[in-house]
Visitor: 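Okay, here's the structure, questions in a sec.
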Amino acid sequence: MSFAWTEVQSRRLSELGFSLSSEAGTFATENERDLAFKKTEYILVNQAKERLNEFRSQRRRPALCEMAEKLAAKLISQGFIQVTTPIILTKSMLAKMTIDDQHALFSQVFWLDDKKCLRPMLAPNLYYVSKDLLRLWEKPVGIFEIGSCFRKESQGNNHLNEFTMLNLVEWGLPEEKRHERIAELAKVVMETAGLPNYKLEAEKSVVYGDTIDVMYNDVEVASGAMGPHFLDGKWGITTTWVGLGFGLERLVMLKNGAPNVHSMGKSLTYLDGVRLNI
Ligand code: ATP
Ligand code: MG
């Protein structure tokens with residue numbers, strides 16, 4: 001007979017970042033298992049305390065904030081303009097993305113009342129401000145936003161209800177350059193994020209038609225799309241474009257080898273990947 005970690009033990013160990021997939025999780029007696037648990041927990045708690053101390057004395061900012069700042073600085077140096085728009089979105093703006101009650105994403109939306117919701121994406125706001133910027137500025141125009149988006153998710157390691165999106169869009173580039181430009185922009189972001197070994201994959205999206213996904217170790221870190229696009233007319237946009245939306249928690253998770261996005265995202269339980277109940 002062999003004994004595996006109890007449910008409580010395995011939950012505690014995985015909270016502390018221990019990989020439970022290993023063979024080492026079976027023991028000859030309960031006593032042996034409980035001793036191993038105590039020893040492992042002790043080591044992990046001490047490692048976590050060391051990480052917290054290092055965070056306090058040296059880095060002092062969560063990797064998520066550093067990532068946002070590094071990417072913003074890089075995009076600005078490449079000629080992009082940063083915008084910041086409201087988190088609260090109207091139902092009619094959402095409907096213009098064809099996300100109405102028939103749509104799969106609709107059930108993931110957090111509603112504040114019958115006319116307002118928390119934005120599940122940045123695209124409607126970027127479309128909205130771009131109409132004016134394209135009237136006022138010469139093309140090409142490149143803009144980006146980094147901000148929270150909200151979706152009711154069935155959870156798992158790669159999904160948060162509140163996550164940080166970097167959405168960039170470049171308007172008015174030569175039509176034949178769009179694929180090349182998407183690849184170039186994906187490269188800029190992924191190299192700046194410290195994740196140069198990514199792959200591009202063609203995908204089908206319910207909102208955008210055909211899209212290009214940026215994949216890293218089988219995790220989707222971004223989706224890209226291009227226009228002219230059937231949604232453009234609703235926003236008064238008549239030019240070519242390419243755009244990419246990245247999830248910053250996924251980038252930070254992959255860069256830091258964290259087990260999930262929860263530990264690296266906005267959290268009351270974790271500080272920069274370290275569990276606080278240690
Ligand atoms: P997935 O299929 O993994 O749920 P998606 O295709 O629905 O993602 P997009 O709408 O393409 O997501 O959003 C762009 C990016 O935002 C994703 O590639 C991902 O990096 C990030 N993202 C989307 N939803 C979440 C979430 N709930 N938590 C964390 N990041 C997310
Ligand atoms: Mg996607």
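In listed order, ligands and their atoms are each counted from 1. If you read the sequence from its start, that first residue is 1, and numbering goes on from there. All heavy atoms count here, side chains included; hydrogens, waters and symmetry mates do not.
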Visitor: Look at the side chain of N260 and the backbone N and O of H262, then say whether any donor-acceptor pair between them is shorter than 3.5 Å.
Guide: yes
Visitor: Assess E220: does it contribute an N, O or S atom lying under 2.8 Å from the Mg ion (ligand 2)?
Guide: yes
Visitor: Which pair of non-hydrogen atoms, one from H229 and one from Y127, has the smallest distance, and what is that distance?
Guide: ND1-OH, 4.4 Å
Visitor: Just wondering, are more than 12 heavy atoms of other shown residues or ligands nearer than 6.0 Å to CZ in F55?
Guide: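 Count over threshold, so yes.
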Visitor: More than 12 heavy atoms of other residues, nucleotides or ligands under 6.0 Å from NZ of K96: yes or no?
Guide: yes
Visitor: Using only heavy-atom distances, determine whether the side chains of E220 and N158 contain a donor-acceptor pair under 3.5 Å.
Guide: no
Visitor: Which of the numbered atoms in ligand 1 are under 4.0 angstrom from any heavy atom belonging to A222?
Guide: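 Reading through ligand 1 atom by atom, the close ones are 18 (O).
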Visitor: Which of the atoms of ligand 1 are close to L160, meaning less than 4.0 Å from one of its heavy atoms?
Guide: 26 (C), 27 (N), 28 (N), 29 (C)
Visitor: So that I can check it, does any N, O or S atom in T211 come closer than 2.8 Å to the Mg ion (ligand 2)?
Guide: no
Visitor: May I ask you to list the atoms of ligand 1 that are less than 4.0 angstrom from any heavy atom of E220?
Guide: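 Within the 4.0 Å cut-off of E220, ligand 1 contributes 2 (O), 5 (P), 6 (O), 8 (O), 11 (O), 12 (O), 17 (C), 18 (O), 20 (O).
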Visitor: What part of N158 sits under 4.0 Å from ligand 1 if we count only heavy atoms: the side chain, the backbone, both or neither?
Guide: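 Near ligand 1, N158 shows its backbone, while the atoms from C-beta on stay back.
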Visitor: Less than 6.0 angstrom separating the ring centers of F106 and W111, yes or no?
Guide: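 Yes; W111 has its ring centre under 6.0 Å from that of F106.
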Visitor: For ligand 1, is any non-hydrogen atom under 4.0 Å from R250's backbone (N, CA, C, O), its side chain (CB onward), both, or neither?
Guide: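 Side chain only.
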Visitor: List every atom of ligand 1 that sits less than 4.0 Å from any heavy atom of G245, numbering the atoms from 1 in the order shown and giving each element.
Guide: 14 (C), 15 (C)
Visitor: Any Lys/Arg nitrogen of R119 or E145 sitting under 4.0 Å from an Asp/Glu carboxylate oxygen of the other?
Guide: yes
Visitor: Can you name the atoms of ligand 1, numbered from 1 with element, that are less than 4.0 Å from a heavy atom of V221?
Guide: 18 (O), 20 (O)
Visitor: Below the 3.5 angstrom mark, is there an N/O of F163, backbone or side chain, next to an N/O of ligand 1?
Guide: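 No, there is no polar N/O contact under 3.5 Å.
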Visitor: Between M165 and ligand 1, which residue portion shows a heavy-atom distance shorter than 4.0 Å: side chain, backbone, both, or neither?
Guide: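 Side chain only; the backbone of M165 stays clear of ligand 1.
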Visitor: Among E153, Q108, R151, which residue places a heavy atom closest to atom 12 (O) of ligand 1?
Guide: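 The option holding the nearest heavy atom is R151.
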Visitor: Got more than 12 heavy atoms from elsewhere within 6.0 Å of CD, E69?
Guide: no
